[in-house]
Amino acid sequence: MKHYEVEILDAKTKEKLCFLDKVEPNATIGEIKSMFHRTHPQWYPARQSIRLDPKGKSLKDEDVLQHLPVGTTATFYFRDLGAQISWVTVFLTEYTGPLVIYLLFYFRVPFIYAPKYDFTTSKHWVVHLACMCHSFHYMKRLLETLFVHRFSHGTMPLRNIFKNCTYYWGFAAWMAYYINHPLYTPPIYGEQQIRLALILFLFCQIGNFSIHIALRNLRPPGSKTRKIPYPTKNPFTWIFLLVSCPNYTYELGSWLGFTLMTQCLPVAFFTLVGFIQMTVWAKGKHRSYLKEFRDYPPLRSPIIPFIL
Amino acid sequence: MASSEEDGTVEEKENNNKKRTKSALTTAWLTFYNIAMTAGWLVLAMAMLRFYIKKGTHKGLYRSIARTLKFFQTFALVEVGHCAIGIVRTSVIVTGVQVCSRIFMVWLVASSIRQIQNEESVILFLVVWTVTEITRYSYYTFKLLNHLPYFVKWARYNFFIVLYPLGVIGELLSIYAALPFVRRSGMYSMRLPNKYNVSFDYYYCLIIVMLSYIPCKETVCLEPTFKLLQTSFSCKTHLTHSKGSKLAVRMRSINKKVIGSISSISENYG
């Protein structure tokens with residue numbers, strides 16, 4: 001069996017960082033990354049970007065050495081992706097924040113509102129309902145992160161955790177402040193409005209969960225395969241006929257429900273900003289589906305049926 | 001065979017013609033725009049001078065030029081459009097932030113809070129802006145006409161050293177002067193309870209704006225200027241080193257980066 005030699009150069013300075021000899025032809029990029037890590041312990045595999053061309057795309061961990069367009073002495077270029085943090089860690093941190101922060105405002109912990117309101121509860125039942133919905137939403141997200149989601153990439157850049165947490169925690173505090181305020185004004189159309197909003201919210205929460213389960217079942221455990229999602233026996237997944245990313249559609253619906261339920265402008269802002277971000281993601285996902293699969297159903301839109 | 005080859009070159013020629021007319025059109029528009037803006041700010045400068053010479057005081061000066069100022073400063077929004085469609089190679093966000101902060105000062109501070117219109121700080125930033133904009137727009141105009149006088153280029157890269165801090169001081173002092181009037185009148189503010197369940201206090205908003213000058217101006221201006229001063233000082237004490245020396249190479253690369261960021265500040269502050 002012919003062995004390969006691998007040399008790894010820095011993509012920017014072209015300086016030779018590592019030379020590996022007697023590499024198996026069926027070695028994967030992942031294994032090469034581990035070998036590189038042994039010679040340079042500060043660069044763990046998750047922060048290595050190995051590519052054939054200094055300005056090219058990163059090679060995947062599963063790529064096999066002998067199937068790459070290289071000679072028996074393979075030259076790879078390395079770029080440091082910076083400190084990385086696992087997706088699971090980021091999700092857990094960014095979702096636990098809103099859960100805790102909202103409750104601080106709900107229980108009217110001291111130093112938020114005037115001292116005479118400390119540890120009092122709101123007299124409006126919609127405020128209690130809103131707290132339950134908000135907490136349920138983030139509990140669901142935490143449990144999904146732990147037990148449902150299967151992540152394509154293990155890690156993301158470290159600075160993302162600060163950016164994401166500022167967004168989630170900041171908005172949670174802003175919303176919670178007004179909903180749990182002693183001078184809160186309940187929705188104009190009263191019980192009708194709250195009931196409708198609650199139905200919308202619950203419907204979309206169940207829908208969002210169904211989509212997450214359906215997406216999880218597309219991918220066998222431990223693999224990174226990509227398949228077109230299709231409607232299943234669960235009626236909540238039938239929206240796949242019209243939309244590429246129904247999880248975002250249902251998420252938008254949930255937050256519209258919550259906005260309607262609380263009739264609070266900061267919640268409306270949060271819904272709007274989330275909608276813009278999710279549309280960007282949905283369009284990207286839709287585009288990559290179209291690129292990857294020739295037979296992708298033409299009727300589907302990225303996030304809103306027929307419109308967006 | 002021959003006809004398809006011809007078609008190919010005809011198509012190419014057509015495309016080239018389209019590109020040429022497009023770039024001729026954009027150059028014509030940009031030249032017109034920059035001349036118009038230079039003229040506008042010159043008019044403002046003249047009006048300000050005339051008022052001061054006639055009345056001998058700056059009281060009432062703002063009121064007399066407010067309309068013209070609002071028009072020309074607001075019209076600068078067009079520059080964001082230029083970046084968005086790509087005919088000007090600057091970041092949309094940087095230009096957007098700059099134009100928005102100017103519009104904020106004009107519409108939401110100086111024009112709407114009458115009591116500060118006779119403050120010296122307002123006159124200060126008005127003068128700074130006028131000189132800055134005239135330099136900037138005339139620089140662009142000359143550049144587009146491919147005839148850039150040395151003085152205009154020199155002014156563009158050197159005036160801002162004095163104008164930038166003066167402008168910041170003028171703007172900050174004006175906002176600071178406005179604070180008590182905002183607090184007393186409760187303008188642009190919304191209190192609880194209301195049916196939208198939101199509140200907004202313009203007074204605290206202005207304080208946050210003042211504080212945000214620190215990070216914004218530090219990253220855009222002070223840091224690169226310090227770096228340039230530092231390296232030019234160390235270069236002067238190593239004049240004996242040859243061009244290819246490590247220090248010279250390093251200095252050239254830092255210079256490039258610093259000039260790059262200074263150009264982007266100058267983009268916005270003359």
Side-chain angles (χ1 to χ4, degrees), chain A residues 12-13 102 105-106 108 112-114 116-117 122-131 133-134 159 162-163 166 170-190 193-194 197 255 258-273 276 280, chain B residues 80-81 83-86 89 91-94 96-97 100 104 108 183 186-216 218-220 223 227 244-258 260-261:
Chain A
K12 273 188 245 168
T13 65
Y102 194 101
F105 285 88
Y106 176 74
R108 297 200 184 142
I112 301 176
Y113 306 112
K116 66 177 176 181
Y117 296 114
S122 176
K123 58 183 182 207
H124 307 288
W125 68 275
V126 67
V127 172
H128 307 302
L129 182 65
C131 182
C133 289
H134 188 270
R159 76 187 91 87
F162 300 110
K163 199 169 40 116
T166 310
F171 260 116
W174 196 35
M175 295 194 290
Y177 176 77
Y178 289 108
I179 301 173
N180 299 294
H181 200 282
L183 296 175
Y184 171 77
T185 312
I188 318 180
Y189 295 107
Q193 184 174 337
I194 299 169
W255 285 106
F258 193 70
T259 311
L260 200 63
M261 191 192 298
T262 55
Q263 200 172 290
C264 178
L265 201 60
V267 181
F269 268 130
F270 180 65
T271 309
L272 179 67
V273 175
I276 293 173
V280 169
Chain B
V80 184
C83 300
I85 59 179
R89 293 284 217 98
S91 146
V92 177
I93 304 175
V94 170
V97 167
C100 282
F104 171 79
L108 299 181
R183 182 146 233 186
M187 66 187 291
Y188 297 156
S189 302
M190 196 162 171
R191 311 186 75 196
L192 288 176
N194 61 71
K195 64 180 174 182
Y196 303 109
N197 288 309
V198 70
S199 65
F200 180 75
D201 196 336
Y202 193 48
Y203 178 78
Y204 290 109
C205 175
L206 284 178
I207 292 184
I208 292 174
V209 166
M210 285 175 71
L211 290 172
S212 72
Y213 267 67
I214 306 174
C216 293
E218 206 277 337
T219 51
V220 163
E223 219 180 87
K227 269 206 174 119
S245 74
K246 261 195 175 167
L247 175 68
V249 168
R250 198 168 146 269
M251 241 223 78
R252 273 200 290 275
S253 81
I254 293 181
N255 259 341
K256 241 198 220 161
K257 284 190 209 145
V258 175
S261 44

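Predicted model only: the values in this text are computed from it and were never measured. Throughout, protein chains are lettered first and strands after them, A, B, ... in sequence-line order, and every chain is numbered starting at 1.
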A:Met261/A:Cys133 under side chain to side chain contact (heavy atoms under 4.5 Å, CB included): CA gap, chis, key distance, verdict: CA-CA 10 Å; A:Met261 191 192 298; A:Cys133 289; 3.6 Å; yes
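- Checked against side-chain contact (heavy atoms from CB on, under 4.5 Å), B:Ile208 has no partners two or more places apart in sequence or in another chain.
- Exactly one of B:Val92, B:Ile93, B:Val94 qualifies for a side chain to side chain contact (heavy atoms under 4.5 Å, CB included) with B:Cys83. That residue is B:Val92.
- Partners of A:Val280 according to the side-chain contact (heavy atoms from CB on, under 4.5 Å) rule, which considers only residues two or more places apart in sequence or in another chain, are A:Gln277.
- With sequence neighbours excluded, the residues forming a side-chain contact (heavy atoms from CB on, under 4.5 Å) with A:Val273 are A:Tyr167, A:Phe171, listed by chain and number.
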Please tabulate the donor-acceptor pairs under 3.5 angstrom that span chain B and chain A, backbone and side chains included.
from	atom 1	to	atom 2	distance (Å)
B:Asn194	O	A:Thr185	OG1	3.1
B:Lys195	O	A:Gln263	NE2	3.0
B:Tyr196	O	A:Leu265	N	2.9
B:Asn197	OD1	A:Thr185	N	2.8
B:Asn197	ND2	A:Thr185	O	2.8
B:Asn197	ND2	A:Gln263	O	3.0
B:Ser199	N	A:Tyr178	OH	3.2
B:Ser199	O	A:Tyr178	OH	3.1
B:Ser199	OG	A:Tyr178	OH	2.6

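- More than 12 heavy atoms of other shown residues, nucleotides or ligands fall within 6.0 angstrom of atom CG in B:Leu211.
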